[in-house]
Amino acid sequence: MPSENASQHGGYHAPIIGYHRAPLTQKFGAPRQPNLVALTSTIEMLAPYDDPAAFIGMETFSHIWISWHFHHNYIDKNNNLNQTDSSFRPQVRPPRLGGNQKVGVFASRSMYRPSALGLSVVKLERIDVVEGRVLLVISGADMIDATPITDIKPYVAYSDAIMHAVSGFAPSAPIVLEVTMTDSAHEQFMGLVNKENLADNVTEVKLDTVAAHIYQIQNQLLITDMDVIKALIAQDPRPAYRRDDTKKVFVMRYKSVDVSFGLMESKHLQITDVVEVSV
């Protein structure tokens, strides 16, 4: 029950207990729901919430609930604050309905909600304790990099899974598109993977540090990332009104690369370029 003072001010303060560290730094390309793509990421806990004692027993659960904040709601592509009106929006246009039909915001999982809070179930891969600090390695998150985490709870199957639930306008998982890659894009990708491996061989990195763990998740391009990139694009992050546009090229930033792709005449998506992000 919120305190009387909190209710008078229309809310209460939720502490940030950690940050999500992930390969995706922009909203475009992020899965629209959790567990659609087995994307590995890490939750870096902050002091004093990073105490290993606070996680004793969590290793017996396969999945956890994450409460988090939509921190990029009003950030533009240049990472600047967008002064767009942030007042309450009673209706939204879910991508699942083609981006045209409106529903009530509380009948959706839109990011533009009064609290700007998200809730996701993710798979707990493991709990790492590095230099006395806790890092939760998870998969299936629909959060981007630097997402503030406000709470973590275990997922309990007997009460949290409702077998005969009705899911309104989203009764089943979205259709997954076929994704191919041009030979030139494949060569670009492999060149960047080999470049990363060469850098690892000539640079001394303390792999037992928190920074090294996070670097591997956020930046280090691995050959296994090719499958992850294809899986993300297969979810079709394009806006609904562009679904039939074969001329538009889209760019998804993943780790240290920009991945360009577009719709082919055969109605599948094709990756055409993989270019290292210039810093």
Side-chain angles (χ1 to χ4, degrees), residues 20-33 35-42 72 75-80 95 98-99 139-146 173-203 205 212-279:
H20 186 237
R21 305 304 183 188
L24 296 170
T25 57
Q26 300 175 350
K27 290 188 295 182
F28 183 74
R32 292 192 172 103
Q33 302 295 344
N35 299 302
L36 295 179
V37 178
L39 180 67
T40 300
S41 56
T42 295
H72 266 215
I75 299 293
D76 63 22
K77 64 181 180 180
N78 297 317
N79 208 33
N80 298 317
S139 64
D142 53 344
M143 303 172 280
I144 63 173
D145 186 58
I175 296 173
V176 177
L177 299 183
E178 178 187 359
V179 178
T180 62
M181 195 174 199
T182 64
D183 290 341
S184 60
H186 183 270
E187 291 177 6
Q188 289 173 328
F189 178 87
M190 293 306 299
L192 291 170
V193 169
N194 292 334
K195 179 180 178 181
E196 285 278 359
N197 292 338
L198 179 63
D200 290 341
N201 291 333
V202 299
T203 304
V205 178
H213 272 61
I214 293 174
Y215 173 81
Q216 290 177 343
I217 292 290
Q218 291 178 309
N219 299 101
Q220 187 176 16
L221 198 64
L222 307 173
I223 194 167
T224 53
D225 285 322
M226 183 182 295
D227 290 335
V228 177
I229 289 170
K230 288 183 177 179
L232 289 167
I233 293 174
Q235 297 294 326
D236 197 1
R238 299 173 303 155
Y241 68 92
R242 292 281 197 180
R243 293 289 164 85
D244 296 321
D245 192 341
T246 58
K247 297 180 180 180
K248 173 68 175 176
V249 175
F250 297 87
V251 180
M252 180 184 75
R253 180 158 296 180
Y254 180 88
K255 289 190 175 180
S256 58
V257 297
D258 278 345
V259 182
S260 300
F261 67 96
L263 181 68
M264 306 302 291
E265 294 293 343
S266 57
K267 299 302 180 184
H268 76 274
L269 297 173
Q270 185 171 71
I271 299 171
T272 54
D273 280 291
V274 181
V275 181
E276 188 172 22
V277 177
S278 58
V279 180

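Along the sequence shown, residues carry numbers from 1. Computed over heavy atoms, backbone and side chain alike; hydrogens, waters and symmetry mates excluded.
- Of all the heavy atoms in Asp245 and Lys247, the pair that sits closest is OD1-N, 2.9 Å.
- For the atom pair CD (Glu276) and NZ (Lys255), the distance works out to 13.5 Å, reported to the nearest 0.5 Å.
- If you take CE on Met181 and CD on Glu187, they are separated by 10.5 Å, rounding to the nearest 0.5 Å.
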Set out, in order, the CA-CA distance, both residues' side-chain angles and the distance that settles side-chain contact (heavy atoms from CB on, under 4.5 Å) for His213 and Arg21, then state yes or no. CA-CA 10 Å; His213 272 61; Arg21 305 304 183 188; over 6 Å; no
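- Closest heavy-atom contact between Ala141 and Ser41: CB-OG, 4.0 Å.
- Atom-to-atom distance recorded for Leu221:CG and Lys195:NZ is 11.0 Å, nearest 0.5 angstrom.
- The line from CD of Gln270 to OG1 of Thr182 is 6.0 Å long, rounded to the nearest 0.5 Å.
- Using a 4.5 Å cut-off on side-chain heavy atoms (C-beta onward), Pro174 and Leu36 make contact.
- For Arg238 and Asp236, the salt-bridge test passes: some basic side-chain N is under 4.0 Å from an acidic carboxylate O.
- Residues Ile217 and Thr40 are in side-chain contact: their nearest non-hydrogen atoms beyond the backbone lie under 4.5 Å apart.
- Residues Gln235 and Val176 approach most closely at NE2-CG2, 3.9 Å, considering heavy atoms.
- Put simply, the side chain of Val251 reaches to within 4.5 Å of the side chain of Ser260, judged on heavy atoms.
- For the atom pair Asp145 CG and Thr25 OG1, the distance stands at 6.5 Å (nearest 0.5 Å).
- In this structure, His268 contributes its side chain and Leu177 its backbone to no donor-acceptor pair below 3.5 Å.
- Under the 3.5 Å distance criterion, the side-chain polar atoms of Arg32 are matched with a main-chain donor or acceptor of Pro237.
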Could you walk me through whether Ile271 and Phe189 pass the side-chain contact (heavy atoms from CB on, under 4.5 Å) check? CA-CA 11 Å; Ile271 299 171; Phe189 178 87; over 6 Å; no
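- Under the salt bridge (Lys or Arg N to Asp or Glu O under 4.0 Å) criterion, Asp258 pairs with Arg253, not counting sequence neighbours.
- Between the Asp225 side chain and the Leu222 main chain, a donor and an acceptor come within less than 3.5 Å of each other.
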Under the criterion side-chain contact (heavy atoms from CB on, under 4.5 Å), I'd like the reasoning laid out for Ile223 against Met190: C-alpha separation, chi angles, the key distance, then a yes or no. CA-CA 7 Å; Ile223 194 167; Met190 293 306 299; 3.7 Å; yes
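- Of the inter-residue distances, the one linking Met252 atom CE with Leu24 atom CG reads 6.5 Å to the nearest 0.5 angstrom.
- Remark: the backbone N or O of Val274 is paired with a side-chain donor or acceptor of Gln188 at under 3.5 angstrom.
- When all heavy atoms of Gln218 and Ala22 are compared, the closest pair comes out as CG-O, 3.8 Å.
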Go through it in stages, so that I can follow the logic: the residues are Tyr254 and Leu39, the test is side-chain contact (heavy atoms from CB on, under 4.5 Å), and I'd like the CA-CA distance, side-chain angles, deciding distance and then a yes or no. CA-CA 11 Å; Tyr254 180 88; Leu39 180 67; 3.9 Å; yes
